[in-house]
Amino acid sequence: MIHVILCDDHAILRRGIRDTLAEAPDIEVTGEAGSYTELRELLRHTPCEVLLLDLNLPGRSGMEVLASLHESHPQIKVLIVSMYPEDQYALRAIKAGAHGYANKASDPLLLIQAVRTVVQGRKYLTPEVAQLLADSLSQPERELPHEQLSEREMQTLVKIASGKRLSDIAQELVLSPKTVSVYRARVLDKLHLSNNAELTVYAIRNKLV
């Protein structure tokens with residue numbers, strides 16, 4: 001039996017994933033968490049071979065959680081399940097140590113295949129992500145300006161470009177508005193932009209939203 005934990009702050013989406021995995025006789029969802037704090041507590045007493053992890057979490061981003069799990073639970077296979085565009089986030093997640101990347105908009109039954117793949121120690125890559133990985137290996141490394149952003153700065157960029165106010169972003173990330181304002185200033189500086197309008201145009205052009 002493959003023991004799976006779901007970590008996503010949207011209860012409805014967790015329910016949908018849980019119902020999908022319930023169709024597989026060899027997979028059991030042993031727990032659910034809506035944040036890193038809940039996940040950390042859950043892992044103290046709940047068996048888990050595969051973690052299905054969303055990138056957009058309150059408090060700590062999925063990429064930050066991924067890094068923490070490498071230190072505390074290196075035996076757990078992490079499968080990123082996200083709505084973020086594959087061409088911008090999948091390679092970043094794989095290079096950070098994720099065992100696979102699945103888009104929430106794809107066929108739900110592919111999640112069963114993904115879980116079975118990563119529990120064997122293999123990478124789960126959709127054809128699109130596999131092509132992106134092949135291209136990244138065959139082409140000279142060309143770093144885009146936003147690739148130098150930290151995970152928290154990237155979150156701030158995406159949320160601002162999605163039309164959210166700093167106060168709303170602060171609430172979602174469990175940060176103070178002042179801290180979010182600092183992240184915004186860093187993003188503008190690193191991308192050589194002047195305001196939110198330019199930031200939004202940049203995000204759209206680079207398919208970050």
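Excluded from the calculations below are hydrogen atoms, water molecules and symmetry mates; all remaining heavy atoms, backbone and side chain alike, are included.
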Next item on the list: Check step by step if side chain to side chain contact (heavy atoms under 4.5 Å, CB included) holds for Thr117 and Val119.
Entry: CA-CA 6 Å; Thr117 298; Val119 81; over 6 Å; no
Notebook entry, point to check: Which is it for Ile27 and Ile112 under the side chain to side chain contact (heavy atoms under 4.5 Å, CB included) test, yes or no, and what are the steps along the way?
Noted result: CA-CA 8 Å; Ile27 297 175; Ile112 295 176; 4.1 Å; yes
Check: After noting the C-alpha distance and the side-chain angles of Val4 and Glu49, does the key distance pass the side chain to side chain contact (heavy atoms under 4.5 Å, CB included) rule?
Finding: CA-CA 6 Å; Val4 174; Glu49 282 83 54; over 6 Å; no
Next item on the list: Walk me through it: do Arg14 and Asp9 pass the test side chain to side chain contact (heavy atoms under 4.5 Å, CB included)?
Entry: CA-CA 8 Å; Arg14 291 203 309 267; Asp9 64 334; 5.6 Å; no
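Residues His99 and Val118 come closest through the heavy atom pair O-CG1, 3.5 Å. Tyr101 and Thr126 get closest at one heavy-atom pair: O-CG2, 4.1 Å. Across Ala93 and Leu66, no two heavy atoms sit closer than the pair O-CD2, 3.9 Å. Residues Ser106 and Asn103 share a closest heavy-atom pair of OG-O, 2.6 Å. Nearest heavy-atom pair, Leu173 versus Lys159, reported as atom, atom and distance to 0.1 Å: CD2-CE, 3.7 Å. The two atoms that bring Gly34 and Leu57 nearest to each other are O-CD2, 4.2 Å, heavy atoms only.
Residues Ile80 and Leu52 fail the side-chain proximity criterion, which asks for heavy atoms closer than 4.5 Å. Contact of the Leu13 side chain with the Leu6 side chain is not registered, since no non-hydrogen atoms from C-beta on lie closer than 4.5 Å.
Under the rule for a side chain to side chain donor-acceptor pair (under 3.5 Å), Ser167 has no partner lying at least two apart in sequence or in another chain. In terms of the side chain to side chain donor-acceptor pair (under 3.5 Å) criterion, Asn206 has no residue partners (sequence neighbours excluded). Among residues two or more places apart in sequence or in another chain, the salt bridge (charged side-chain N to carboxylate O under 4.0 Å, His left out) test is passed with Arg116 by Asp26. For Ala185, there are no side-chain contact (heavy atoms from CB on, under 4.5 Å) partners, not counting sequence neighbours. With sequence neighbours excluded, the residues that form a side chain to side chain donor-acceptor pair (under 3.5 Å) with Arg44 are Glu41. In terms of the side-chain contact (heavy atoms from CB on, under 4.5 Å) criterion, residue partners of Ala170 (sequence neighbours excluded) are, by chain and number, Pro177, Val180. Ser181 is linked by a side-chain contact (heavy atoms from CB on, under 4.5 Å) to Leu166, counting only residues two or more places apart in sequence or in another chain. Thr30 pairs by the side chain to side chain donor-acceptor pair (under 3.5 Å) definition with nothing, not counting sequence neighbours.
A distance of 10.0 Å separates CD1 of Ile204 from CG of Leu199, quoted to the nearest 0.5 Å. The OG atom of Ser176 sits 13.0 Å away from atom CD of Gln171, with the distance rounded to the nearest 0.5 Å. Rounding to the nearest 0.5 angstrom, the gap separating the OG1 atom in Thr156 from the CD atom in Glu151 is 11.0 Å. Here the straight-line distance linking atom CG of Leu53 with atom CG of Leu79 works out to 9.0 Å at 0.5 Å rounding. Put simply, CG on Leu191 and CD on Glu198 are 10.5 Å apart, with the number rounded to the nearest 0.5 Å. With rounding to the nearest 0.5 angstrom, the CG atom of Leu193 is 10.0 Å from the CZ atom of Arg184.
Under a hydrophobic-cluster definition in which Ile, Leu, Val, Met, Phe, Trp and Tyr are linked whenever side-chain heavy atoms come within less than 4.5 Å, directly or via other members, Leu69 and Leu42 are assigned to the same cluster. Transitive grouping of hydrophobic side chains (ILVMFWY, heavy atoms separated by less than 4.5 Å) brings Leu39 and Ile76 into a common cluster. Leu55 and Met154 fall within the same hydrophobic cluster, defined by Ile, Leu, Val, Met, Phe, Trp and Tyr side-chain heavy atoms under 4.5 Å apart, directly or through other members. Under a hydrophobic-cluster definition in which Ile, Leu, Val, Met, Phe, Trp and Tyr are linked whenever side-chain heavy atoms come within less than 4.5 Å, directly or via other members, Val78 and Val65 are assigned to the same cluster. Val182 and Val187 sit in two unconnected hydrophobic clusters of ILVMFWY residues. Membership requires side-chain heavy atoms under 4.5 Å apart, directly or through other members.
Under 4.0 Å is where a charged nitrogen must lie from a carboxylate oxygen, and between Arg186 and Asp189 no such pair does. Salt bridge present: Arg152 and Glu64 bring a charged side-chain N and a carboxylate O closer than 4.0 Å. With respect to Lys164 and Glu172, a salt bridge is recorded, a charged nitrogen being found less than 4.0 Å from a carboxylate O.
For the side chain to side chain donor-acceptor pair (under 3.5 Å) condition, the pairs that include at least one residue of residues 65-81, sequence neighbours left out, are Arg60-Ser68. Among pairs with a residue in residues 167-209, those fulfilling ring-ring contact (aromatic ring centres under 6.0 Å, His included) read His146-Tyr202, at least two apart in sequence or across chains. For residues 99-113, the salt bridge (Lys or Arg N to Asp or Glu O under 4.0 Å) pairs, not counting sequence neighbours, are Asp8-Lys104, Asp54-Lys104. Among residue pairs with one or both ends in residues 22-56, none qualify as ring-ring contact (aromatic ring centres under 6.0 Å, His included); sequence neighbours excluded.
Remark: side-chain polar atoms of Thr179 are not paired, donor with acceptor, to backbone N or O of Leu175 under 3.5 angstrom. Side chain of Glu28 to main chain of His3: no donor-acceptor pair is present (N/O by atom type, distance under 3.5 Å, no hydrogens or angles). When atom types are taken as modelled, the side chain of Gln131 and the backbone of Pro127 share no donor-acceptor pair closer than 3.5 angstrom.
Counting non-hydrogen atoms of other residues, nucleotides and ligands closer than 6.0 Å to CZ of Arg18 gives a total above 12. Around the CD atom of Glu128, the shell of radius 6.0 Å holds more than 12 heavy atoms that belong to other residues, nucleotides or ligands.
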